[in-house]
Amino acid sequence: MKKKVVVTGEFTNKKIKNLEERFLVVKPKDRDSLEKEILEAEVVLSRHTTIDKALINKSKNLKLISLATTGYDSIDIEECTKHNIQVCNSPQLDEEVGDIAIFHIINAMRKCNKANQQLRKGQWYDNESVGMEINHKNLLIVGYGRIGKTIARKARVLGVNLFATSPHLIEDDVKDDYIVKAVKFKVGIKLADIVVLAVPLTKKTFHMIDENTFHQMKNSSVLVNISRGEVVDSKALIKALNEGEINYASVDVFENEPLKENNEALFVKNLYLTPHIGSFTFATRDRMQQNAIENVFDYFEGKDVRFKINKI
Ligand code: NAP
């Protein structure tokens, strides 16, 4: 009898076909059917579907959750660890997310979107499109992991002074060839002209950028978020932008995605949003799905899986 694999989220037909040749693939359409399928499932292949404590507690046989995403905040990792469920992700997208971060940095500093909007309104440009110099500015990377390091490498050619903050970094240490100075968060946030967020969403990073952080930041500074929307308190961000506590925000992620058309954020003039497209290239999506599926094959063949999130 074929082993069952529960698949949640969108995967390309070609990839699913490969799986179907070996396994019984079931695709629950909603939470209710997922609850039923997870009861006996040994393996779940997923993208952004929430797999919370309640679902994990329902499962009797679950051993592996293989994600075709880098972020794993949709999964209750602690609960998985308690139940000896291995969670692994697909983090091979640093270059692409790094590119989007650089785009947002330049967009925020040079007001490219503003200029584009003026042009479409029939105006060539005006004072609102005048941007800020990037060369010699202080860029703080919050979260110096795979994506953070890639951003540092790419940002270096912009001529910025690079700073990073991350729990494993030792203060004042100079890291890597990209000449990144490690600083404490509270120090970095005050000296930064550009703050880029590249942290995972965890209990500790939830709303780590809040009203108090915006008070500490320079009024001329810009915020770039390519991590997860919930890392920033969006109400505080909108207030800070409207009241001039910071100059501009350019973000790929926002709280409560996808944004509803009446979301206040869409009407803030110094806030630019892309709809979570950091990994949106054909090659990246293919690579991530391939990795997640290979982990499923490897698991059933008794091989070690790659990119483990939790220790079990
Ligand atoms: P990673 O390699 O695990 O790096 C994350 C870094 O954040 C680590 O260096 C970690 O430090 C640091 N960190 C954790 N908590 C922190 C805190 N409280 N303050 C400062 N730094 C902290 O992950 P990654 O591959 O770079 O990805 C980062 C995140 O980007 C993902 O989790 C995902 O949410 C997001 N992402 C977004 C997109 C998009 O489409 N926009 C695409 C991919 C990923 P330690 O090593 O010391 O723990």
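Ligands are counted one by one from 1 in listed order, and the atoms in each one are counted from 1 as well.
Ligand-side atoms of ligand 1 in range of T165: 20 (C), 21 (N), range being under 4.0 angstrom from any heavy atom. Set against the non-hydrogen atoms of Y144, the atoms of ligand 1 under 4.0 Å away are 9 (O). Atoms of ligand 1 lying under 4.0 Å from at least one heavy atom of H276, given by number and element, are 39 (C), 40 (O), 41 (N). Interface atoms of ligand 1 facing T70, defined by a heavy-atom separation under 4.0 Å, are 25 (O), 27 (O), 43 (C), 44 (C). Near S279, the atoms of ligand 1 lying under 4.0 angstrom from a non-hydrogen atom of the residue are 40 (O).
The one candidate from K149, R287, R153 that meets the salt bridge (charged side-chain N to carboxylate O under 4.0 Å, His left out) condition with E95 is R153.
Taking atom 28 (C) of ligand 1 as the reference point, the nearest protein heavy-atom neighbour is A198 O, 3.5 Å. Nearest protein heavy-atom neighbour of atom 17 (C) of ligand 1: T205 CG2, 3.8 Å. With respect to atom 25 (O) of ligand 1, the closest heavy atom belonging to the protein is R146 NE, 3.3 Å. Remark: minimum distance from atom 19 (N) of ligand 1 to any protein heavy atom is reached at M208 CE, 3.8 Å. Distance from atom 42 (C) of ligand 1 to its nearest protein heavy atom, with residue and atom name: V97 CG2, 3.4 Å. Closest protein heavy atom to atom 47 (O) of ligand 1: H168 ND1, 2.8 Å. Protein heavy atom nearest atom 37 (C) of ligand 1, with residue, atom name and distance: I226 O, 3.1 Å. At the shortest separation from atom 43 (C) of ligand 1 among protein heavy atoms lies L93 CD1, 3.4 Å.
Side chain of S59 to main chain of N61: no donor-acceptor pair is present (N/O by atom type, distance under 3.5 Å, no hydrogens or angles). Looking at E96, its side chain never comes within 3.5 Å of a backbone N or O of T281 through a donor-acceptor pair. Using a distance-only test at 3.5 Å, with no hydrogens or angles considered, no donor-acceptor pair links the side chain of R228 to the main chain of L201.
A cation-pi contact, defined as under 6.0 Å to the ring centre and within 45° of the axis, links R285 to F280.
Between P91 and ligand 1 there is no heavy-atom distance shorter than 4.0 Å.
Screening residues 120-140 for salt bridge (charged side-chain N to carboxylate O under 4.0 Å, His left out) gives K114-E128 as the qualifying pairs, with residues at least two apart or on separate chains.
Take L191 and apply the side chain to side chain contact (heavy atoms under 4.5 Å, CB included) test, not counting sequence neighbours, and it matches N138, F163, V187.
Residue contacts with ligand 1 for V199 involve both N, CA, C or O and side-chain atoms from C-beta outward (heavy atoms, distance under 4.0 Å).
For I147, a nitrogen or oxygen atom sits less than 3.5 Å from a nitrogen or oxygen atom of ligand 1, counting backbone and side chain alike.
Here K4 does not pair with E40 in a salt bridge; the nearest charged N to carboxylate O distance is not below 4.0 Å. Checked for salt-bridge contact, K2 and E20 miss the test: no charged N lies under 4.0 Å from a carboxylate O.
Closest heavy-atom approach to atom 7 (O) of ligand 1 among the candidates G71, P200, G145: P200. Which of P167, A164, S166 comes nearest to atom 8 (C) of ligand 1 through a heavy atom is settled by distance: it is S166.
Ring centroids of Y248 and Y272 are separated by 6.0 Å or more, keeping the two rings apart.
Expressed to the nearest 0.5 Å, how far OH of Y72 lies from SG of C80 amounts to 12.5 Å.
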